[in-house]
**Q** 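The structure is given below, and queries will be raised subsequently.
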Amino acid sequence: MDKLIIEGGNRLVGTVKVSGAKNSALPLMAATLLTGGEFTLTNVPGLKDIETFSTLLSHFGAKVSENIDNTVTIDTTNVNQTDAPYELVKTMRASVLALGPLLARFKKARVSMPGGCAIGARPIDIHLKGLEALGAKVEVEHGYVIVSAEELTGADIALDFPTVTGTANLMLAAVFAKGTTTITGAAKEPEIEDLERALTDMGAKVEGAGTDTIKITGVEADALRAIEYRVMPDRIEAGTFMVAAAMTTGNVLIEDCPKDNLQALIEKLKSSGAKITTEAGGLRVTGDKPIKSVDITTAPYPGFPTDMQAQMMAMMTISSGLSVISETIFENRFMHVAELRRMGAKIRTDKKNAVINGVRELSGAEIMATDLRASASLVLAGLVANGKTTISRIYHLDRGYEKIEDKLNKLGADIKRVHNDNK
Ligand code: EPU
């Protein structure tokens, strides 16, 4: 298993380019299941999760190319399987996104029920309720969700919570449903808008993404065609670089930065003392000391993203005061706290809240990555810590950050990846 060894203390200076968004690429890959043909997705990040979804699509019978120069071609002409086994789903919850398009195209699907994961229980009840509203029969048997329908019919679906993959799944399921489907209380995340753009290019009739009401008017199956589509840039990767720049009192130009989708983070970084300016080439973040403490409460978009909570907490560990961070989306997303404490951070947690008392300096330590964004926060902590930080289990990081150490090293960080067969 690989480890990262970080020598802390370097300011980050230079230019970094943001990769395509994992959380957009995955639903877009799922959308290719809706119709037969050869799709070309560009700006696809080179990530483990993308490989896993490619394996899943291949399992269904699609011909999926390797990701070469961030381009993946997916030929879904011969898709003939509608069964996603446990072995494939257990490594990536986003596999559940196959339910909607398979049901829409083949009127049936059997997908292993994703289990809980490190950050929370993460049920899919809202997805399933929505599919039922469209007329599907939903059964859960032997750990599998089995959905089937003679015909899907448009319906008014009110979501109990604006679930992101739930919204995507229902948009995908409703593409051919007779009549109109209205999803209210929908997720407003930019990745949902990206999915709407792609579906519209394919010939589907979808409107309203980016608001809390999405309308899908069913089209005939032959109205859809395969397309070429560019995945939007990754706002969470961009946000992680922004925090890295601010924390290291660096000066970094972030290219391809979806700044309009990062307003909640930008506001918090500005309040903490960072300077953020828009330039022709991207967004420039300049850090300043002392880092002022800010309070954060995560919320669905456009609120402060839960996927940036751990990184901001890493930054608050070296702030000049007291900061309260409240996590409202996932019930167990503070696993980085114990590792940050091992580096000298002063953090107390109580259920949803973490109180961080800024310290002058973190000290390098041997720590362990636990989930994707927690891993990113540990890398950030390692960048500013005194001495050497060794992070194990970084396969979590490789699920969502493309070449992170190369990108940070180009900015002046000192990060080495070492391979260790024993651990
Ligand atoms: N929820 C339910 N029932 C459902 C669906 C969700 O109770 O049927 C709950 C979840 O348990 C959670 C909350 O609603 O407490 C939000 O979950 P949501 O469904 O919105 O999350 P998701 O779609 O599973 C996506 C991202 C996550 C990101 C969240 C929140 C993808 C593939 N994943 O997950 O990304 O944290 O939205 O923004 O898009 C990451 O990239 O590190 C990551 C975890």
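Both ligands and their constituent atoms are indexed starting at 1 by order of listing. All values below come from the heavy atoms of this structure, side chains included, with hydrogens, waters and symmetry mates left out.
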**Q** For Asp307, counting its heavy atoms only, list the atoms of ligand 1 lying under 4.0 Å from any of them.
**A** 27 (C), 28 (C), 35 (O), 36 (O), 40 (C), 41 (O), 42 (O), 43 (C), 44 (C)
**Q** Quick one: does ligand 1 sit under 4.0 Å from the side chain of Lys22, the backbone, both or neither, non-hydrogen atoms only?
**A** side chain
**Q** Please tell me if the side chains of Gln309 and Phe330 come closer than 4.5 Å, counting only heavy atoms from C-beta onward.
**A** no
**Q** Can you find an N or O of Thr306 that's nearer than 3.5 Å to an N or O of ligand 1?
**A** no
**Q** Please determine whether salt bridge (Lys or Arg N to Asp or Glu O under 4.0 Å) holds for the pair Arg235 and Glu191, giving the CA-CA distance in whole Å, both sets of side-chain angles, and the decisive distance to 0.1 Å.
**A** CA-CA 10 Å; Arg235 64 193 165 101; Glu191 292 75 20; 2.8 Å; yes
**Q** Identify the protein heavy atom lying closest to atom 21 (O) of ligand 1, giving its residue, its atom name and the separation to 0.1 Å.
**A** Phe330 CZ, 3.9 Å
**Q** With a heavy-atom distance limit of 4.0 Å, tell me whether Arg373 approaches ligand 1 through its side chain, its backbone, both, or neither.
**A** side chain
**Q** Heavy-atom pairs closer than 4.0 Å: do any link ligand 1 to the side chain of Asp371, the backbone, both, or neither?
**A** neither
**Q** Flag the pair Ile119 / Arg373 as yes when at least one side-chain heavy-atom distance between them is below 4.5 Å, and no otherwise.
**A** no
**Q** Just wondering, do Val16 and Lys410 contact through their side chains at under 4.5 Å, heavy atoms?
**A** no
**Q** May I ask which of Gly303, Ala187, Pro123 has a heavy atom nearer to atom 5 (C) of ligand 1 than the others do?
**A** Pro123
**Q** Of all the heavy atoms in Arg333, does at least one lie under 4.0 Å from an atom in ligand 1?
**A** yes
**Q** Under 4.0 Å from any heavy atom of Ile124, which atoms of ligand 1 are there?
**A** 4 (C), 8 (O)
**Q** Whether the side chain of Asn169 engages the backbone of Val96 through a donor-acceptor N/O pair (distance < 3.5 Å, no angle test) should be reported.
**A** yes
**Q** Ligand 1 versus Leu372, non-hydrogen atoms closer than 4.0 Å: side chain, backbone, both, neither?
**A** side chain
**Q** Nearest protein heavy-atom contact for atom 39 (O) of ligand 1: which residue, which atom, what distance?
**A** Asn23 CG, 3.2 Å
**Q** Please state which protein non-hydrogen atom is closest to atom 3 (N) of ligand 1 and give its distance, to 0.1 Å?
**A** Asp125 OD1, 2.7 Å
**Q** So Ile214 and Leu170, side-chain contact (heavy atoms from CB on, under 4.5 Å) or not? Walk me through it.
**A** CA-CA 10 Å; Ile214 299 174; Leu170 295 174; over 6 Å; no
**Q** Any side-chain heavy atom of Phe39 within less than 4.5 Å of one from Thr73?
**A** no
**Q** To check your reading of the model: name the closest protein heavy atom to atom 15 (O) of ligand 1, its residue, and the distance in Å.
**A** Ile329 O, 2.6 Å
**Q** Is any side-chain N of the basic residue among Asp406 and Arg417 closer than 4.0 Å to the acidic one's carboxylate O?
**A** no
**Q** Starting from atom 8 (O) of ligand 1, which protein heavy atom do you reach first, and at what distance in Å?
**A** Ile126 N, 2.8 Å
**Q** Below the 3.5 angstrom mark, is there an N/O of Gly166, backbone or side chain, next to an N/O of ligand 1?
**A** no
**Q** Taking atom CZ as the centre, does Arg341 end up with more than 12 heavy-atom neighbours from other residues, nucleotides or ligands that are less than 6.0 angstrom away?
**A** yes
**Q** Any N or O of Ile119 that comes nearer than 3.5 Å to an N or O of ligand 1?
**A** no
**Q** Quick one, Leu383 and Met247 - any side-chain contact, counting heavy atoms below 4.5 Å?
**A** no
**Q** For atom 19 (O) of ligand 1, what is the closest protein heavy atom, and at what distance to 0.1 Å?
**A** Thr163 OG1, 2.6 Å
**Q** Which one of Thr42, Leu28, Thr40, Asp194 satisfies the side-chain contact (heavy atoms from CB on, under 4.5 Å) criterion with Arg230?
**A** Thr42
**Q** Of all the non-hydrogen atoms in the protein, which one sits nearest to atom 34 (O) of ligand 1, and at what distance?
**A** Arg122 NH2, 3.2 Å
**Q** Taking everything shown except Lys129 itself, do over 12 heavy atoms lie less than 6.0 Å from its NZ?
**A** no
**Q** Which atoms from ligand 1 have a heavy atom of His127 less than 4.0 Å away?
**A** 8 (O)
**Q** Could you list which atoms of ligand 1 come closer than 4.0 Å to a heavy atom of Phe161?
**A** 13 (C), 14 (O), 16 (C)
**Q** With heavy atoms only and a cut-off of under 4.0 Å, state how Val164 meets ligand 1: side chain, backbone, both or neither.
**A** both
**Q** Using a strict cut-off of less than 4.0 Å between a Lys/Arg side-chain nitrogen and an Asp/Glu carboxylate oxygen, indicate whether Lys48 and Glu51 qualify as a salt bridge.
**A** yes
**Q** Quiz question for you: does at least one protein heavy atom lie closer than 4.0 Å to atom 13 (C) of ligand 1?
**A** yes
